[in-house]
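Note on naming: letters A, B, ... go to the chains in the order of the sequence lines (proteins, then strands), and numbering restarts at 1 for each one.
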Amino acid sequence: MSISTGTARARQSLPVEPEAGSRRLNTAKALQEAIGSQMEQDDSVFVMGEDVAAYGGIFSSTTGLLEKFGPQRIIDTPISESAFIGLGIGAAVEGMRPIVELMFVDFFGVCMDQIYNHMAKIHYESGGNVRVPMVLMTAVGGGYSDGAQHSQTLWGTFAHLPGMKVVVPSNPYDAKGLMTAAIRSDDPVVYMFHKGVMGLAWMAKNRRSIGAVPEQDYVVPIGKAKVVREGSDVSLVTLSLSVHHSLDVAEQLAGEGISVEVLDLRSLVPLDREAVIATATKTGKVIVVDEDYQSFGLSGEIAATIAEHDPALLKHFSRVCVPDVPIPYARELEYAVLPTAARIEAAVRTAVTA
Amino acid sequence: MSISTGTARARQSLPVEPEAGSRRLNTAKALQEAIGSQMEQDDSVFVMGEDVAAYGGIFSSTTGLLEKFGPQRIIDTPISESAFIGLGIGAAVEGMRPIVELMFVDFFGVCMDQIYNHMAKIHYESGGNVRVPMVLMTAVGGGYSDGAQHSQTLWGTFAHLPGMKVVVPSNPYDAKGLMTAAIRSDDPVVYMFHKGVMGLAWMAKNRRSIGAVPEQDYVVPIGKAKVVREGSDVSLVTLSLSVHHSLDVAEQLAGEGISVEVLDLRSLVPLDREAVIATATKTGKVIVVDEDYQSFGLSGEIAATIAEHDPALLKHFSRVCVPDVPIPYARELEYAVLPTAARIEAAVRTAVTA
Amino acid sequence: MTMETTEVTADLSTGQRLALLREMILIRTFEEAVLREYHADKSPGFDIGKGLIPGEMHLSAGQEPVAAGLCAHLETGDALTATHRPHHLAIAKGMDLRSLAGEIFGRESGLGHGRGGHMHLFDPATHFSCSGIVAEGFPAALGQAFAFQRAGTSNVAAAVAGEGAANAGPFHESLNLAALWKLPVIFVIEDNDWGISVARNASTSVPTNAVRAAGYGMPGVRVEGNDVEAVHAAAGEAVARARAGGGPSLIEVHTLRLWGHFEGDAQGYRPELADVPGRDPIPAYQRKLRDAGLLSEADLAEMEGEARTRVEDAVEHAKAAPAPNPAEALKYVFVEGE
Amino acid sequence: MTMETTEVTADLSTGQRLALLREMILIRTFEEAVLREYHADKSPGFDIGKGLIPGEMHLSAGQEPVAAGLCAHLETGDALTATHRPHHLAIAKGMDLRSLAGEIFGRESGLGHGRGGHMHLFDPATHFSCSGIVAEGFPAALGQAFAFQRAGTSNVAAAVAGEGAANAGPFHESLNLAALWKLPVIFVIEDNDWGISVARNASTSVPTNAVRAAGYGMPGVRVEGNDVEAVHAAAGEAVARARAGGGPSLIEVHTLRLWGHFEGDAQGYRPELADVPGRDPIPAYQRKLRDAGLLSEADLAEMEGEARTRVEDAVEHAKAAPAPNPAEALKYVFVEGE
Ligand SMILES: Cc1ncc(C[n+]2csc(CCOP(=O)(O)OP(=O)(O)O)c2C)c(N)n1
Ligand SMILES: Cc1ncc(C[n+]2csc(CCOP(=O)(O)OP(=O)(O)O)c2C)c(N)n1
Ligand SMILES: [Mg+2]
Ligand SMILES: [Mg+2]
């Protein structure tokens with residue numbers, strides 16, 4: 001167990017959000033690069049999970065790492081999530097920096113006790129004496145007919161429970177910078193990547209799943225949202241794959257003279273409340289676009305954040321989320337409940353005329 | 001497995017919220033009475049959980065039932081929450097009506113998969129063909145220094161995940177009527193009782209934990225909030241033990257001419273959005289008092305419900321919740337984060353002058 | 001408490017043997033049709049979300065002996081819970097092929113009206129269910145067995161999962177509880193050597209899960225050889241024990257995942273890949289019956305023909321069925337309207 | 001894979017024996033002081049939230065042989081994870097009594113500055129931790145053992161929990177993983193016959209958890225008699241095996257819950273209640289040592305005196321320490337400020 005005495009190890013400081021440069025990677029590669037680079041520099045970092053070694057991660061989060069680092073540091077586990085996530089916690093408590101993959105976030109129910117009662121609470125319960133510098137990495141999201149147990153995002157569930165940071169990259173650049181920040185963080189970080197932003201060969205590709213990524217190491221600070229498109233009529237507050245749909249809609253509606261601002265939250269914990277308030281102040285019309293279940297989640301928190309700050313700010317508030325229904329299997333049904341571009345567009349049109 | 005053909009069995013209809021009468025019970029007794037009465041009428045109802053038999057439930061939810069119904073229907077289990085909650089689901093699917101106790105809601109992490117991926121989703125995934133008429137009963141809440149793993153309410157976590165009703169009684173009358181409704185419901189119902197409203201001999205007693213309860217059977221419909229005190233200046237939207245603190249504050253401030261309305265939500269799923277909007281319309285100043293963690297939970301959902309309906313309604317919005325911190329052990333710290341009467345009062349005073 | 005390696009040559013009638021083969025052929029024919037339809041319209045490239053059958057697809061080819069051998073002993077009123085790889089068991093349990101195909105194609109005619117998909121099949125008619133969460137199907141079987149026991153019937157519940165699932169907590173909790181309460185459950189582990197890309201010896205600290213039965217005071221047996229008759233014998237004992245009130249049993253069958261973990265799995269991690277087709281249990285069983293003079297070419301042709309007819313009927317029916325109405329996506333969350 | 005019932009008369013020196021007794025006396029003295037302080041100000045009636053020590057209180061009186069026998073083999077750098085009933089193990093592992101008492105009293109001087117409480121003790125100095133969630137302490141020990149192994153040390157991790165915990169999923173997952181990866185872990189089950197009000201035979205399908213070790217390919221042993229020397233012997237073997245790279249072991253000790261599950265538990269469910277005090281292991285061990293001529297009255301008085309002095313010092317220190325500052329209730333959620 002590590003006694004808290006400032007940062008555990010001196011680390012060279014890294015550039016914060018440098019210029020993107022011209023090299024283009026998909027999100028999966030950017031993620032692998034962040035992990036690989038940190039592993040090269042720090043022996044205490046290792047990766048553990050189901051099918052992370054020879055398979056390279058079901059969603060390619062660890063492709064190529066076994067070849068580089070061998071089976072002592074890229075470790076396949078039995079299907080024993082409580083045991084191996086707990087193992088990660090114990091190793092972190094002794095000063096290692098585990099990156100543990102939970103294959104699908106939908107499986108949280110078999111191991112949530114380790115996550116929320118242990119990983120997230122030990123630092124507090126120990127009065128700051130014990131740190132848990134661990135990354136819990138997990139795939140989220142639907143859109144490819146994987147049904148009710150393999151298509152959820154569930155970030156609201158994690159963000160509701162205190163003690164863990166919750167990071168949700170939407171593109172390759174952020175994926176690398178946020179993973180680097182997560183590995184270097186002395187706090188436990190839940191890193192949720194949407195399958196649909198990874199740029200996987202075997203899934204419908206969003207054109208923004210490939211983008212410019214610096215070769216050097218850098219961090220995207222955890223807790224800073226980003227205005228990914230400026231606008232003045234309506235704000236789309238969103239994250240993850242929904243950023244791309246939101247940008248698509250914003251581009252399209254720009255032709256009609258509707259000016260849409262898009263805020264990519266990038267993390268739920270910490271939530272960049274200032275950025276939320278800033279965009280609300282600017283447009284007065286806020287639509288939350290969220291692939292998580294609508295009620296008791298992110299969209300409500302955005303409303304509360306604004307209302308608490310100044311209820312007069314809001315001229316319009318609406319939500320394009322998954323209504324409170326298990327994710328259906330059939331494509332027709334699933335796309336009826338996902339936050340599609342069509343639903344976002346309709347919501348923006350309603351907002352501008354409101 | 002039961003094929004869906006209307007309600008599984010014809011049941012005599014019960015009075016809905018009858019006059020309370022003059023017999024007074026504490027909440028625990030009211031709850032036991034509801035279970036006992038339904039067990040007498042329906043052989044398919046049974047109770048299962050840790051220490052529910054000879055012990056009578058750690059928080060007295062099942063006191064006296066073993067004596068009446070014997071060990072075949074009041075069943076102690078091993079500490080195997082996934083197995084016995086899943087057993088309840090399997091029995092429910094075959095037409096029984098299990099009442100399964102999860103001793104503390106804080107333990108949800110060891111069995112959440114059964115709860116949210118199975119209990120809550122089977123009816124939907126089966127296209128309505130399979131019903132899961134089960135009650136998951138669990139104790140919530142802090143205030144007696146039980147620390148970070150035994151003091152949470154977590155209702156926001158359950159309410160965020162679709163497919164289960166979430167019921168939270170605040171007093172003996174509702175406890176009986178809501179439990180009766182829960183047992184008779186063909187949907188899975190999570191029934192969350194706060195230890196502090198049970199009227200336990202060994203815990204600080206709230207004077208409202210004893211109240212008038214009809215001897216007859218009756219239901220309190222799941223999904224209907226109740227204005228437990230009318231007021232015109234500020235609305236306290238709340239539930240469970242916080243209802244009592246809110247009423248205390250409302251009574252006290254009435255002497256100063258501050259008129260506080262108190263809305264007891266009584267269930268989170270379904271959420272009585274009309275009642276929320278009605279009280280917001282009346283006072284324009286809404287304070288959510290919630291013993292759950294503040295962010296990404298109930299308080300946000302209340303803000304979103306109002307903002308979505310009409311953002312102009314709100315003149316003031318604030319929250320008296322547990323800030324995003326594990327529940328501390330030391331009394332001084334715990335009472336600094338709980339939604340105490342003092343914090344509620346301060347929030348009301350701020351609201352009236354806002 | 002026993003652990004035996006069984007090589008049973010059970011005393012089966014020719015009719016029983018042919019029925020086992022017929023069942024396995026029906027299952028394989030169904031899965032080959034699903035395979036064909038699944039890949040028919042995913043190109044160019046391979047897009048998992050595209051086509052008439054989208055999503056993950058876990059086929060059970062090679063594991064038919066488990067389904068046929070076990071389900072030969074199960075009645076309609078008995079329960080069966082399965083996993084993400086459920087078709088062989090669903091079919092052997094007697095699920096209507098049209099309802100099954102309809103659900104796989106995501107049609108309104110499907111078992112779950114397209115809400116569930118191939119990992120979430122719930123059939124009240126055959127008491128069949130499955131779950132896409134590893135090992136989480138075990139507990140439901142306890143509850144069904146409990147309900148049967150309380151109702152005074154002699155029905156039993158079988159719970160089937162892979163060897164990977166046997167390292168998950170609910171396996172342990174369920175075996176203990178079933179043994180403690182003497183519930184009529186048959187636990188069946190399909191050891192196909194792999195949990196996705198993780199080999200059995202990289203996940204399991206003992207050579208067979210059969211030895212774990214002793215930790216619960218229940219009989220445990222391992223069936224080698226992926227032999228339908230050996231499964232039939234072991235399952236027969238276990239089912240009879242459960243029906244007679246003798247409590248639960250554990251059977252591990254060393255079986256074979258003939259194809260990838262799911263469709264699209266290149267199986268680069270699998271060294272023995274070249275040998276796999278040669279270990280197919282269906283031709284092997286056909287050979288055995290033919291060699292013993294119990295199976296004629298005509299018999300076989302009839303079985304295959306019948307299977308093809310039934311399967312293609314189910315596939316055609318599914319393709320012709322309407323898609324679910326998007327306006328009804330929220331239907332069935334609750335029985336009683338929110 | 002062995003299951004033995006051990007009645008070891010280990011070859012211990014007098015010094016070792018007296019040290020075991022001294023440890024047990026220190027633990028008991030500490031718990032008696034907590035008992036006294038806990039109940040001192042909860043009346044009239046009994047209000048769990050009242051008093052200088054509020055909240056649930058799970059005392060370990062009767063289970064000292066487990067702590068003393070096991071921890072005699074553990075070094076400061078070895079890890080130990082415990083449960084809701086952690087004091088005996090914390091003390092035997094060498095936790096500073098003032099820090100422990102401070103946390104129990106909820107003071108700023110406590111191990112966790114009052115944030116944790118008696119079920120949540122995290123001590124970097126002794127690598128001790130515990131959890132109020134049954135069985136969820138096992139996995140952390142794996143991780144500590146893993147870190148020790150990777151660091152090339154010979155340190156080990158011990159994970160202790162009750163017989164009730166052995167029916168929970170993480171027990172199974174942890175034993176399998178520890179055996180699979182040959183982690184230096186010693187699993188210790190304290191079988192005190194009860195999980196709150198549920199008797200062992202109403203929760204566990206086998207007479208002893210020691211038989212379950214075979215399901216993981218690790219040695220399993222049951223120690224009867226609540227005898228500190230027998231625990232010492234069994235633990236010595238297991239710790240030596242782990243240190244030498246021989247992998248994990250399971251030890252079940254049949255011990256005794258002398259008092260209620262928690263304070264306030266009337267134990268109406270416990271038929272053998274009248275016999276319990278007579279089974280107290282500390283007087284029994286004193287008698288044994290006295291009869292063997294190894295313990296004088298003076299020795300005993302000295303041990304008891306020393307224990308009293310240390311314990312009362314810790315209690316006084318805690319009482320004198322300041323309460324945590326309510327304004328700092330949010331401190332320590334994150335290392336790096338939100
Ligand atoms: C709790 C949980 N963890 C992980 C997964 C992902 N997963 C699906 S199938 C599978 C492998 C299962 O292996 P096994 O139990 O042997 O069954 P098989 O696929 O070989 O039939 C895994 C890891 C899951 N669905 N649920
Ligand atoms: C997962 C979980 N389930 C239930 C509980 C409630 N609980 C606390 S201690 C206990 C009994 C534990 O029995 P055992 O493991 O034998 O330990 P003992 O108390 O006898 O030391 C129970 C059921 C819990 N804390 N965590
Ligand atoms: Mg397998
Ligand atoms: Mg015990």
Segment of [X] engaging chain D (4.5 angstrom heavy-atom cut-off):
X	value
S80(B)	both
A53(B)	neither
Y335(B)	neither
A330(B)	both
T77(B)	backbone
I58(B)	side chain

I'd like to verify something: which residue of [options] has the highest number of heavy-atom pairs under 4.5 Å with chain B?
options	result
G106(D), G45(D), A166(D), G264(D)	G106(D)
P54(D), S203(D), P326(D), G55(D)	P54(D)
I53(D), D265(D), I196(D)	I196(D)

query = Run the side-chain contact (heavy atoms from CB on, under 4.5 Å) check on D146(B) and M119(D) step by step: do they pass?
reply = CA-CA 9 Å; D146(B) 215 358; M119(D) 290 189 275; 3.4 Å; yes
Supply the atom-to-atom distance [X] [atom1] to [Y] [atom2], rounded to the nearest 0.5 angstrom.
X	Y	atom1	atom2	answer
I48(D)	W202(B)	CD1	CH2	5.0 Å
F105(D)	R331(B)	CZ	CZ	12.0 Å
D324(B)	F334(D)	CG	CZ	8.5 Å
E332(B)	E108(D)	CD	CD	10.5 Å
E56(D)	H150(B)	CD	NE2	5.0 Å

Check each atom of [X] against the heavy atoms of chain B and say whether the ones under 4.5 Å are side chain, backbone, both or neither.
X	value
K50(D)	backbone
Q267(D)	neither
T204(D)	neither
H113(D)	backbone

How close do [X] and [Y] get, heavy atom to heavy atom, and via which atoms?
X	Y	result
A54(B)	Y269(D)	CB-CB, 3.9 Å
I133(D)	F107(B)	CD1-CD2, 3.5 Å
A329(D)	L333(B)	CA-CD2, 3.8 Å
G195(D)	D51(B)	O-OD1, 3.6 Å
P326(B)	V333(D)	CD-CG2, 4.2 Å

query = Taking side chain as C-beta onward, heavy atoms only, is L330(D) less than 4.5 Å from V337(B)?
reply = yes
ask   = Parallel under 30°, tilted from 30 to 60°, perpendicular over 60°: which one fits the rings of F262(D) and Y55(B)?
value =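 Taking Y55(B) first and then F262(D), their aromatic rings stand perpendicular (interplane angle over 60°).
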N167(D) and I79(B): CA distance, side-chain angles, deciding distance, side-chain contact (heavy atoms from CB on, under 4.5 Å) verdict = CA-CA 6 Å; N167(D) 296 314; I79(B) 307 170; 5.7 Å; no
task = Start with the C-alpha gap between V198(D) and E50(B), add the side-chain angles, then the distance that decides, and say whether side-chain contact (heavy atoms from CB on, under 4.5 Å) holds.
result = CA-CA 8 Å; V198(D) 180; E50(B) 291 155 15; 5.6 Å; no
query = Does Y329(B) reach the main-chain N or O of I104(D) with its side chain, forming a donor-acceptor pair under 3.5 Å?
reply =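 Judged by distance alone, yes, a pair lies under 3.5 Å.
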key: Heavy-atom neighbours of K29(B) NZ exceed 12 at 6.0 Å   = no
